[in-house]
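Before any comments, here is the structure.
Numbers restart at 1 for each chain; the letters A, B, ... are given by sequence-line order, proteins then strands.
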Number of protein chains: 2
Amino acid sequence: MIAEATSRKTRPSADSTRERILAAALECFSLQGFDGAATREIASRAEVTQPLLTYHFRSKEELWRAAVDGVFAALTTAMVTRLDGLRGVDEVTTAKLLVHEFISFSAAHPELHRIITQECKVEGPRLDWLVETHVRPLYDATTELLQRLVDAGQLAPIPVAHLYYILTGAGATMFVLAPECRRLSGVEPFDPSVIEQHADAVVALLFTVPDTQG
Amino acid sequence: MIAEATSRKTRPSADSTRERILAAALECFSLQGFDGAATREIASRAEVTQPLLTYHFRSKEELWRAAVDGVFAALTTAMVTRLDGLRGVDEVTTAKLLVHEFISFSAAHPELHRIITQECKVEGPRLDWLVETHVRPLYDATTELLQRLVDAGQLAPIPVAHLYYILTGAGATMFVLAPECRRLSGVEPFDPSVIEQHADAVVALLFTVPDTQG
DNA sequence: GTCTATAATTAGATAGAC
DNA sequence: GTCTATCTAATTATAGAC
């Protein structure tokens with residue numbers, strides 16, 4: 001029905017196929033790890049055959065990288081978009097709202113933390129690539145903000161490396177361990193009001209400067 | 001050289017073999033997950049052959065359970081021993097020292113959190129068993145203490161399910177992501193003084209009740 | 001209690017038709 | 001761009017010698 005541009009190099013179906021493969025790959029890799037994920041299952045979820053993965057992405061390794069690129073791009077977009085909406089807002093309020101945004105993202109995309117946790121188990125080229133390509137920019141931006149808040153007396157005087165892992169761990173663990181949380185407490189972690197409540201809790205604990213009087 | 005009791009049912013070598021297998025199994029399962037861990041590698045690390053695992057533990061599944069029993073037994077021992085040394089101490093101080101103990105244990109045995117994280121990715125009988133057998137007693141004891149502290153005004157009024165995941169996430173993540181932490185910050189998470197500093201930080205943030213005056 | 005040898009399954013990657 | 005068929009290697013579990 002619709003005339004297609006003759007200049008395009010790939011068939012119109014290819015884009016959506018790639019997208020489906022990437023979505024399936026992210027899911028499988030985050031759930032089962034790089035070695036544990038079977039390319040056949042990724043293909044099956046994407047409703048294509050297994051050799052097609054090799055056609056679109058040269059190898060399992062490159063497919064993994066493309067899938068990881070995807071989540072981090074989504075995170076960056078979410079954080080930058082939020083920040084753009086906060087021009088002129090003071091730094092403490094901005095930081096609190098960014099923590100909210102980060103926790104919302106962690107709930108919507110627990111794959112992010114799962115992938116990092118998976119790869120942090122064994123030293124290797126995948127961890128090298130992951131940290132240097134994606135995590136370091138995130139860490140640097142976060143800890144720079146945290147340091148300014150500590151210097152301004154808005155955060156407890158704790159080294160920023162510790163604050164970083166307290167923030168990310170406290171923020172994400174409930175969603176990464178969602179099936180456990182549901183069983184133990186009856187709380188549904190992905191309920192929007194629960195996500196909100198969790199973010200409020202983390203912000204409340206983080207942004208309360210302790211008495212210097214012990 | 002040494003005369004052995006004739007009444008024992010297993011050879012003297014068997015006990016130490018079982019221990020070596022269990023140690024190797026815990027390491028492999030925590031690093032690679034149940035499916036990812038190869039029984040051949042577990043056997044190799046324990047310096048035995050692969051069919052011997054089947055002899056001592058009927059299947060890979062039962063080996064996994066035995067290995068998991070081991071870490072949780074170690075955690076229980078550590079916490080109970082610490083608690084026994086604190087008879088007569090007030091509840092707030094006790095709680096703070098138990099948080100320290102938990103964080104020290106998490107640093108010494110990151111396998112605990114790795115195993116839980118692994119299994120929480122897919123619903124299944126292993127997760128059922130893990131939660132009901134080992135995690136629930138831990139969760140119940142912890143949240144009962146947290147609730148008493150909230151009621152006494154010693155902790156911010158946050159639902160205990162949230163406090164539980166904030167505490168465990170904030171306490172353990174730095175050690176679970178140790179290779180990343182090292183690269184990003186230069187901080188060595190397993191340095192005893194760093195562990196101590198991290199525990200102090202978590203306690204400081206957790207036990208500071210926010211101003212009700214916003 | 002520990003081994004060697006092997007059976008049955010499944011993995012990622014490739015060849016080549018369409 | 002997508003498929004079927006297949007190769008090679010690695011997996012858990014088992015049989016049976018010692």
The answer to which of A:Arg40 and A:Val48 contacts DNA chain D further toward the 5' end, by nearest nucleotide, is A:Val48
Consider the side chain of A:Pro51, meaning its heavy atoms from C-beta on, and name the nucleotide among C:dC3, C:dT14, C:dA11 that approaches it most closely.
-> C:dT14
Under 4.0 Å between a side-chain N/O of B:Tyr55 and OP1 or OP2 of C:dG1, yes or no?
-> yes
Once you round it to whole Å, what is the distance between P of D:dT4 and CG of A:Leu53?
-> 14 Å
What orientation do B:Phe72 and B:His134 show, parallel under 30°, tilted 30 to 60°, or perpendicular over 60°?
-> parallel
Aromatic ring centroids of A:Phe175 and A:His198 under 6.0 Å?
-> yes
In whole Å, what is the span from the CD atom of B:Glu62 to the P atom of D:dA13?
-> 10 Å
Parallel under 30°, tilted from 30 to 60°, perpendicular over 60°: which one fits the rings of A:Tyr164 and A:Tyr139?
-> perpendicular
Spacing between B:Leu52 atom CG and C:dC3 atom P, to the nearest angstrom = 6 Å
Can you tell me the distance, in whole Å, between the CD atom of A:Glu61 and the P atom of C:dA11?
-> 19 Å
Would you say a side-chain N or O of B:Thr49 is under 4.0 Å from OP1 or OP2 of C:dC3?
-> yes
Is A:Thr39 near enough to C:dG12 that one of its side-chain N or O atoms lies under 4.0 angstrom from OP1 or OP2?
-> yes
Counting side-chain heavy atoms from C-beta on, which of C:dG1, D:dG1, D:dT4 comes nearest to A:His56?
-> D:dG1
Using a 4.0 Å heavy-atom cut-off across all strands, classify A:Ala43 as base, sugar-phosphate, or nothing.
-> nothing
Residue A:Gln50, side-chain atoms from C-beta onward, closest of C:dA13, C:dT2, D:dT14 = C:dA13
For A:Phe34 and C:dA11, give me the distance from atom CZ to atom C1', rounded to whole Å.
-> 12 Å
Whole-Å distance between C:dT10 C1' and B:Asp35 CG?
-> 12 Å
Do any N or O atoms from the side chain of A:Arg136 and from the backbone of B:Arg183 form a donor-acceptor pair under 3.5 angstrom?
-> yes
Would you say B:Arg20's side chain and B:Ala46's backbone share a donor-acceptor pair under 3.5 angstrom?
-> yes
Gap between atoms CH2 and P, on A:Trp64 and C:dG12 respectively (whole Å) | 16 Å
Would you please confirm or rule out a distance under 4.0 Å between OP1 or OP2 of C:dT14 and any side-chain N or O of A:Thr54?
-> no
